[in-house]
Structure formats: structure tokens, C-alpha cells
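No hydrogens, no waters, no symmetry mates; every other heavy atom, side chains included, goes into these values.
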Amino acid sequence: MRPSLLSLALIANSAIATPSLAADLGGGFSVSGNAALVTDYRFRGISFSDEDIAIQGGLDLAHTSGFYLGTWGSSLDEGDSFDQLTGDEIGTFGHTEIDVYGGWTGEVSSGVSVDVGVLYYIYPNANNSPRIGGREVDFDTDYVEPYASISYSIGPARLTTGIAYAPDQSAIGSDDNVYVYGDAGIGIPNTPLTVRGHLGYTNGSLAIDADGDYFDWLLGVDYIIGPVTIGAAYIDTDGPNIDNIDATVVGTLSIAF
């Protein structure tokens, strides 16, 4: 799973609250992985799987110094896209997303940890040369997004606040985008249940609202049995009530290894 930014996964995400099972490689290195089936791949409140099932998984390499590298992937919807007014073909992201990231995470004081890094979104089979007006045009899809977060514990609760900033680049409309968020996870004592919540705010070129900004939120619960997590989350935004943005409940089944 992607790093704590992806507690974004608390977010809508795409991601899942999965226990970490790391295998020692020696020399201070360890490796861990995860695989998941979700009923909808939601990223910051938006469906990237056309409100359909998605298969996801990741692999992380960490060092005791706090530095890490990882990759995470998900299946996407790969429907043909056309402009409804002109009939022109519009570039699509293909059927696969692969995220590559690296950074550093560590405890800076008792119960308080930070995570900083860079995330690169890759769409290896995107349609990057759609035909518009009878000619092919370039359609960039891959983009980079640095991130930072701080997490802290208050009793049984774990709280995270963070920011992800995508600088001006052609894949996101030749403009920048900022995402700030807060997450909370509370384990219910003497039970395998964890309740989690998320609130995020997008401002910039990735916004789904005409005003250039929007909020997304999540409220969910996870049932953890050893390396297996079964979860359900209600996800919504204050954006337009249309397909792939409307409110939904996302179910997850994941395993850590």
C-alpha cells in the first residue's frame, strides 16, 4: 500500500487499512506487500473504475533508517471516451495505474511521526494520442506529487494530517494542485474493529467543481482478522451528483503479506 499520504486511502481511495507484515531481508531492510479487492476504486472521492470492482496491490521496501521505496497498482475502467459535442476521441488512462513512491518516515517524539516523500502516478497503457479535429494530439497522463504528513496518537485514536502538492505539469492541465486532509482511526478496545474517518480538500487543476475546489469525506469501519481486513466505507464529495462522483459505499477485502 502507498504510504501515509494514502491514508488517503482512508480516503476514498483506493487504499485500505491493512496490517503490515514485514519480512526481514537483513542489513536493516524489510519487505512487505498487500493485495486487495474493492467494490469501487475511489480516489479523493472520484471513481477511477467507473463504479466497478478493482483489483489492487502493492510492495514496499523499508530500511530501519526510515527510508522506503514502494509501488502500488490498481485496475481502472478502460472505456472509450468521446467528446459529447464534437464526437472527438478523448485520451484515456488505460486499464492500469501504477504508483511509484519513495521517502522517509520516522518517530520525531513519543507518539508523533512524520512522513515525507514523492509519489509518481504512471498509466502505462494510456491512450496518449487521441484524434481531435481529425489529427492526433498528445495527451499526457503521468504526473508527480510530493507529500508530507504528521501522525500522532491520543489514547486509542491515531490522527493524521497531511498535504500533497502537484506542481504545474501538462498531465494535470498545465497548472498546480494542492490536497490537504485529515484522517482519524480509532480501534475499539477488545474487538477486531477499527472505525476510521477522513476529510480532504482539493484546490487546483484536479478539482471536479467549476470553482476549482471541492471537499471529499469518508466514514468507515474495518474488521481485522490476522493479515485479513474486511471493510466498508461511505464516501461522498460536495461536487456534482453525477456518475463516478456521487455518494457510495465501498467494500474492501484485503490481505497483508
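Side-chain atoms of E51 come within 3.5 Å of backbone N or O of N244 as a donor-acceptor pair. Remark: side-chain polar atoms of S30 are not paired, donor with acceptor, to backbone N or O of A23 under 3.5 angstrom. Side-chain atoms of D211 do not come within 3.5 Å of backbone N or O of D213 as any donor-acceptor pair. In this structure, the side chain of T248 does not engage the main chain of V250 through any donor-acceptor pair within 3.5 Å. E97 places no side-chain N or O within donor-acceptor distance of the main-chain N or O of I122, the cut-off being under 3.5 Å. Looking only at distances, a side-chain donor or acceptor of T105 sits under 3.5 Å from a matching main-chain atom of V114.
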Quiz item: Would Y147 and L119 satisfy side chain to side chain contact (heavy atoms under 4.5 Å, CB included), going step by step from the backbone distance to the final call?
Solution: CA-CA 7 Å; Y147 58 85; L119 176 64; 3.9 Å; yes

Quiz prompt | Worked check of side chain to side chain donor-acceptor pair (under 3.5 Å) between Y101 and D60 | solution = CA-CA 9 Å; Y101 50 84; D60 294 286; 2.3 Å; yes

Practice problem: Report the C-alpha distance between Y179 and N203 in whole Å, list the side-chain angles of each, state the deciding distance to 0.1 Å, and finish with yes or no for side chain to side chain contact (heavy atoms under 4.5 Å, CB included). | Solution: CA-CA 7 Å; Y179 185 73; N203 185 286; over 6 Å; no

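For F67, the side-chain contact (heavy atoms from CB on, under 4.5 Å) partners two or more places apart in sequence, or in a different chain, are S65, W104. With sequence neighbours excluded, the residues satisfying ring pair (Phe, Tyr, Trp, His ring centres under 6.0 Å) with F215 are Y201.
Note that the CD1 atom of I186 and the CG atom of L193 stand 12.5 Å from one another [nearest 0.5 Å]. One finds the CD1 atom of I55 at 12.0 Å from the CG atom of L76 (value rounded to the nearest 0.5 Å). Taken to the nearest 0.5 Å, the OG1 atom of T237 stands 7.5 Å off from the CD1 atom of I46. Rounded to the nearest 0.5 angstrom, T161 OG1 and I150 CD1 are separated by 8.5 Å. Going from atom CG of N125 over to atom CD1 of I98 covers 8.5 Å, rounded to the nearest 0.5 Å. Atom OG1 in T202 sits 8.0 Å away from atom CD1 in I208 (nearest 0.5 Å).
Side-chain atoms of V38 and I53, non-hydrogen and from C-beta on, never get closer than 4.5 Å to each other. Looking at L61 and F29, their side chains come closer than 4.5 Å, going by heavy atoms from C-beta outward. Counting heavy atoms from C-beta outward, N34 and Q56 have side chains that stay 4.5 Å or more apart. By the 4.5 Å heavy-atom criterion applied to side chains, T252 and L37 are not counted as neighbours.
Of the listed residues (I235, L199, D183), just one forms a side chain to side chain contact (heavy atoms under 4.5 Å, CB included) with L218, and that residue is I235. In summary, of the residues considered (D175, D140, D142, T141), a side chain to side chain contact (heavy atoms under 4.5 Å, CB included) with S170 occurs for D140 alone.
Across all non-hydrogen atoms, the minimal contact from S149 to T160 is CB-CG2, 4.1 Å. Across every non-hydrogen atom of A184 and L159, the tightest pair is CB-CD2, 3.5 Å. Shown here for I163 and Y181, the closest heavy-atom pair between the two residues is N-CE2, 3.9 Å. Nearest heavy atoms, Y214 versus L206: CE2-O, 4.0 Å. Minimum heavy-atom separation, D222 to R196: OD2-NE, 2.8 Å.
Side-chain contact, Y165 with D176: a donor N or O sits under 3.5 Å from an acceptor N or O. Defined by atom type and a distance below 3.5 Å, a donor-acceptor pair is present between the side-chain atoms of D40 and S49. For the 3.5 Å distance criterion, the side chains of Y68 and D115 qualify, holding a donor opposite an acceptor. The closest side-chain donor-acceptor pair between H95 and D77, if any, does not fall under 3.5 angstrom.
The aromatic rings of F43 and Y121 lie perpendicular to each other, with more than 60° between the two planes, well past the 30° mark.
In this structure, R158 fails the cation-pi test against Y152, since its NZ or CZ atom is not both closer than 6.0 Å to the six-membered ring centre and inside 45 degrees of the ring normal.
F93 and V144 fall into different hydrophobic clusters, defined by Ile, Leu, Val, Met, Phe, Trp and Tyr side-chain heavy atoms under 4.5 Å apart, directly or through other members. If you chain together hydrophobic residues whose side chains sit under 4.5 Å apart, Y143 and Y120 never meet in one group. Grouping the Ile, Leu, Val, Met, Phe, Trp and Tyr side chains by contacts below 4.5 angstrom, directly or via other members, places Y223 with I188.
Listed by first and then second residue, the salt bridge (charged side-chain N to carboxylate O under 4.0 Å, His left out) pairs involving residues 159-172 amount to none (not counting sequence neighbours).
Ring centroid separation for the pair W72 and Y41 comes in under the 6.0 Å cut-off.
The environment of CG in L25 is crowded: more than 12 heavy-atom neighbours from other residues, nucleotides or ligands sit within 6.0 Å.
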